[in-house]
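Inspection log for the structure reproduced underneath, given as structure tokens.
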Amino acid sequence: MQDTSLWFPYAQMKNLEVNYEVETGEGPYIQLTNGMKLLDATCSWWCMIHGYRHPEITQAIHDQADKLAHVMLGGLKNQPAAALAKKLVEITPEGLNHVFFSDSGSVGMEVAMKMAVQFWQNQGRTKKYKMASLMRAYHGDTTGCMSVCDPEEGMHSLFSGLLPKHHFAPAPTASFDAPAESVASDIAELRKVFEQYHEEIAGFLVEPLLQAAGGLNMYSPIYLQEARKLCDEFEILFIFDEVATGFGRTGKLFAAEYANVTPDIMVLSKGLTGGYIGHAATLANDRVFNAFWDDDAGKAFMHGPTFMGNPLACAVALKSIEIFERDNYLGKIAALNQLLKEELLGFRHDAVLNTRVLGAAAVIEVKDAKSLQGVQDFAISHGVWLRSFDRYLYTMPPYIISADQLRKITDVMKAWFTAN
């Protein structure tokens with residue numbers, strides 16, 4: 001009988017066989033206990049932007065652990081947390097001046113939703129306690145986050161009886177490069193939701209420009225610009241989930257920069273620490289923060305994760321950002337983007353519906369998910385770790401990957417179809 005002491009995610013344990021065990025990693029490669037080296041095309045769920053065993057990040061972990069691995073942020077502060085907060089204010093869109101830490105992207109989004117609700121509660125607007133979100137959205141697997149993910153697609157429908165009900169607008173259909181007139185119908189649909197429910201909507205959540213787990217839906221920056229106007233018109237806080245898009249994945253440091261839009265609240269994780277330690281940051285503008293600034297202790301923000309501001313995680317995040325800036329990662333990402341476009345945008349096959357590329361993210365969308373059955377083992381046999389989901393075969397590689405290494409990944413993606 002198989003050992004079931006380790007419970008794996010998103011998998012039926014009864015018939016699951018995990019035949020690959022990772023022993024170590026180096027650069028863009030993971031090495032298995034059987035000696036195989038695989039190029040990681042998925043960046044370990046999109047977070048290992050520097051690859052594995054980056055010597056400077058490893059050293060930062062050692063150095064901070066020798067000083068202070070963890071201390072509570074309640075009533076105490078630590079230098080790495082204070083320095084990281086200051087750095088995030090410096091590099092994020094102007095106006096996001098206040099940083100609340102937590103321990104994962106999902107929890108960071110829970111913080112954002114609670115912050116939005118209490119923002120209105122503190123002002124006596126007690127009816128504004130619901131969220132608006134998008135179809136095809138994914139904001140995490142914790143309970144509050146599940147309630148603002150797509151209510152009709154995927155695993156979260158299993159928990160519908162547990163989840164609070166929120167409001168949803170259709171996913172944007174106008175592509176990243178679409179003209180303004182193509183965005184009008186998307187915005188009209190959002191306006192309908194706001195017109196009907198704005199008195200009870202506290203915040204509108206989006207994954208800006210790239211709905212990652214929603215099939216890598218890549219949409220127009222104009223949508224964000226128009227949505228910003230609608231949020232202001234209907235008194236709704238605009239919340240950006242940049243957990244997956246932040247730190248370069250779309251081609252700019254933050255996806256918000258494409259639209260020149262500053263949200264009221266922004267959530268960061270994944271690339272925040274280069275994937276080396278779990279941590280998250282929820283940033284707010286002055287307007288949001290000032291709603292909590294009061295002589296009344298009851299108006300203080302009522303949240304406090306145990307590991308918020310963890311010195312080890314914050315030290316790693318500071319080193320990660322230093323490397324990103326120093327080594328011109330945006331230039332690296334631009335080169336990866338060009339190669340992905342050259343290799344995948346012209347790819348045609350009877351099973352393929354379309355291909356899309358944005359920044360260092362690319363996807364081959366197929367007509368039927370069955371046509372991707374077996375692709376993981378096929379890729380491994382060719383030296384690549386590639387993990388598809390539903391109808392999407394994608395790559396989000398680490399930014400340190402070379403052109404030849406990335407070309408190997410795209411070659412394997414295409415070879416799957418020519419071989420089948």
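The shown structure was predicted, so the numbers you read here are calculated from the model rather than taken from an experiment. Numbering of residues begins at 1 and proceeds along the displayed sequence.
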Run the side chain to side chain contact (heavy atoms under 4.5 Å, CB included) test against A419 and tell me which residues pass, sequence neighbours left out.
F378
Hey, is CE on M72 packed in by over 12 heavy atoms from elsewhere, all under 6.0 Å?
no
Residues in salt bridge (charged side-chain N to carboxylate O under 4.0 Å, His left out) contact with E235, at least two apart in sequence or another chain
R125
Residue set satisfying side chain to side chain contact (heavy atoms under 4.5 Å, CB included) with N122, at least two apart, ordered chain then number -> Q118, F292, K299
Listing, residues 247-267 side-chain donor-acceptor contacts under 3.5 Å, not counting sequence neighbours, or none:
unit_1: R249; atom_1: NH1; unit_2: A360; atom_2: O; d: 2.6
unit_1: R249; atom_1: NH1; unit_2: P397; atom_2: O; d: 3.0
unit_1: R249; atom_1: NH2; unit_2: P397; atom_2: O; d: 3.3
unit_1: E257; atom_1: OE2; unit_2: F254; atom_2: N; d: 3.3
unit_1: Y258; atom_1: OH; unit_2: T250; atom_2: O; d: 2.5
unit_1: T262; atom_1: OG1; unit_2: E94; atom_2: O; d: 3.2
unit_1: D264; atom_1: OD1; unit_2: N285; atom_2: ND2; d: 2.9
unit_1: D264; atom_1: OD2; unit_2: R228; atom_2: NH1; d: 3.4
unit_1: D264; atom_1: OD2; unit_2: R228; atom_2: NH2; d: 2.9
unit_1: D264; atom_1: OD2; unit_2: F238; atom_2: N; d: 2.7

Extract all donor-acceptor atom pairs below 3.5 Å that involve side chains of residues 175-185 and protein atoms in other chains or at least two apart in sequence.
none

Using the side-chain contact (heavy atoms from CB on, under 4.5 Å) rule, take I187 and Y223 through it: C-alpha gap first, then chi angles, then the decisive distance, then the call.
CA-CA 7 Å; I187 291 299; Y223 185 90; 3.6 Å; yes
Which residue pairs pass the salt bridge (Lys or Arg N to Asp or Glu O under 4.0 Å) test when at least one of the two sits in residues 43-56, sequence neighbours left out?
E26-R53, E56-R326
Taking the side chain as every heavy atom from C-beta outward, state whether N217 and Y392 have any atom pair closer than 4.5 Å.
no
Quick one: OG on S102 to CZ on F307, what's the gap to the nearest 0.5 Å?
12.5 Å
Side chains of W120 and Y129, heavy atoms from C-beta outward: is any pair under 4.5 Å?
no
Ignoring hydrogens and geometry, is there a side-chain-to-backbone donor-acceptor pair from N337 to G359 under 3.5 Å?
yes
Please enumerate all residues that pass side chain to side chain contact (heavy atoms under 4.5 Å, CB included) together with Q64, with sequence neighbours excluded.
K67, L68, P80, P311, L312, A315
Stepwise, does the salt bridge (Lys or Arg N to Asp or Glu O under 4.0 Å) test hold for R191 with E233?
CA-CA 10 Å; R191 174 176 280 278; E233 177 183 346; 2.9 Å; yes
Kindly indicate whether the side chain of M115, heavy atoms from C-beta on, has any atom under 4.5 Å from the side chain of F301.
yes
Given side-chain contact (heavy atoms from CB on, under 4.5 Å), test C145 with E110 step by step and report yes or no.
CA-CA 6 Å; C145 289; E110 298 274 359; 3.8 Å; yes
Does K192 come within less than 4.0 Å of E189, counting only side-chain N to carboxylate O?
yes
Could you list the residues that satisfy side chain to side chain contact (heavy atoms under 4.5 Å, CB included) with T273, not counting sequence neighbours?
H279, V316, A317
When you look at H166 and K130, which way does the side chain to side chain donor-acceptor pair (under 3.5 Å) test go after all the steps?
CA-CA 6 Å; H166 296 290; K130 290 187 176 292; 5.2 Å; no
Taking the side chain as every heavy atom from C-beta outward, state whether L205 and D241 have any pair of such atoms under 4.5 Å apart.
no
Neighbour count above 12 (heavy atom, 6.0 Å) for E21 CD:
no
Candidate pair D141 and S106, rule side chain to side chain donor-acceptor pair (under 3.5 Å), full reasoning:
CA-CA 7 Å; D141 288 347; S106 184; over 6 Å; no
Determine, for D232 against K229, whether the closest basic-nitrogen to carboxylate-oxygen distance falls under 4.0 angstrom.
no
Have E200 and H167 got a donor and an acceptor in their side chains that come within less than 3.5 Å?
yes
Interatomic distance, OG1@T282 vs CE@M113, rounded to 0.5 Å, equals 10.0 Å
Give the C-alpha distance, both sets of side-chain angles, the deciding distance and a yes or no for side-chain contact (heavy atoms from CB on, under 4.5 Å) between H139 and E207.
CA-CA 8 Å; H139 295 292; E207 301 152 274; 3.8 Å; yes
Would T42 and Y394 count as a side chain to side chain donor-acceptor pair (under 3.5 Å) here? Give the steps.
CA-CA 8 Å; T42 70; Y394 75 94; 5.0 Å; no
Indicate yes or no: does K87 engage E325 in a salt bridge with an N to O separation below 4.0 Å.
yes
Check for a donor-acceptor pair, side chain of K270 on one end and backbone N or O of E242 on the other, with a separation under 3.5 Å.
no
May I have all residue pairs that pass side chain to side chain donor-acceptor pair (under 3.5 Å) and include part of residues 310-324, sequence neighbours excluded?
H50-S320, H70-N310, K319-E322
Applied to residues 408-420, the side chain to side chain donor-acceptor pair (under 3.5 Å) test, sequence neighbours excluded, yields E343-K414
Considering only heavy atoms from C-beta outward, does the side chain of V363 approach that of L344 to under 4.5 Å?
no
What do the steps show when you test Y52 against Q31 for side-chain contact (heavy atoms from CB on, under 4.5 Å), and what is the final call?
CA-CA 10 Å; Y52 299 90; Q31 182 165 325; over 6 Å; no
From L358 CG over to L209 CG, what is the distance, rounded to the nearest 0.5 angstrom?
6.5 Å
Salt bridge (Lys or Arg N to Asp or Glu O under 4.0 Å) partners of residues 363-381, not counting sequence neighbours, each pair once
R356-E365, E365-R391
If you define the side chain from C-beta out and look only at heavy atoms, does anything of L38 sit under 4.5 Å from I380?
yes
For the ring pair F194 and F204, is the centre-to-centre distance below 6.0 Å?
yes
Just by modelled atom types, is the M135 backbone N or O under 3.5 Å from a matching donor or acceptor in the Q211 side chain?
yes
Please work out which of the three classes, parallel, tilted or perpendicular, describes the rings of Y329 and F324, given edges at 30° and 60°.
tilted
Close side-chain approach of V117 to K128, heavy-atom, < 4.5 Å:
no
With rounding to the nearest 0.5 angstrom, report the CG to CZ distance, L393 to R387.
12.5 Å
Check for me whether K37 meets the cation-pi criterion with Y29, that is, NZ or CZ under 6.0 Å from the six-membered ring centre and within 45 degrees of the ring axis.
yes
Answer yes or no: are there more than 12 heavy-atom neighbours, outside N19 itself, under 6.0 Å from its atom CG?
yes
Identify, with sequence neighbours excluded, every residue that meets salt bridge (charged side-chain N to carboxylate O under 4.0 Å, His left out) alongside D66.
none
Give, for atom OG of S402 and atom CG of L39, the distance between the pair rounded to the nearest 0.5 Å.
8.0 Å
Do R287 and F119 make a side-chain contact, defined as non-hydrogen atoms from C-beta onward lying under 4.5 Å apart?
yes
How long is the straight-line distance from CG of D40 back to CH2 of W385, given to the nearest 0.5 Å?
8.5 Å
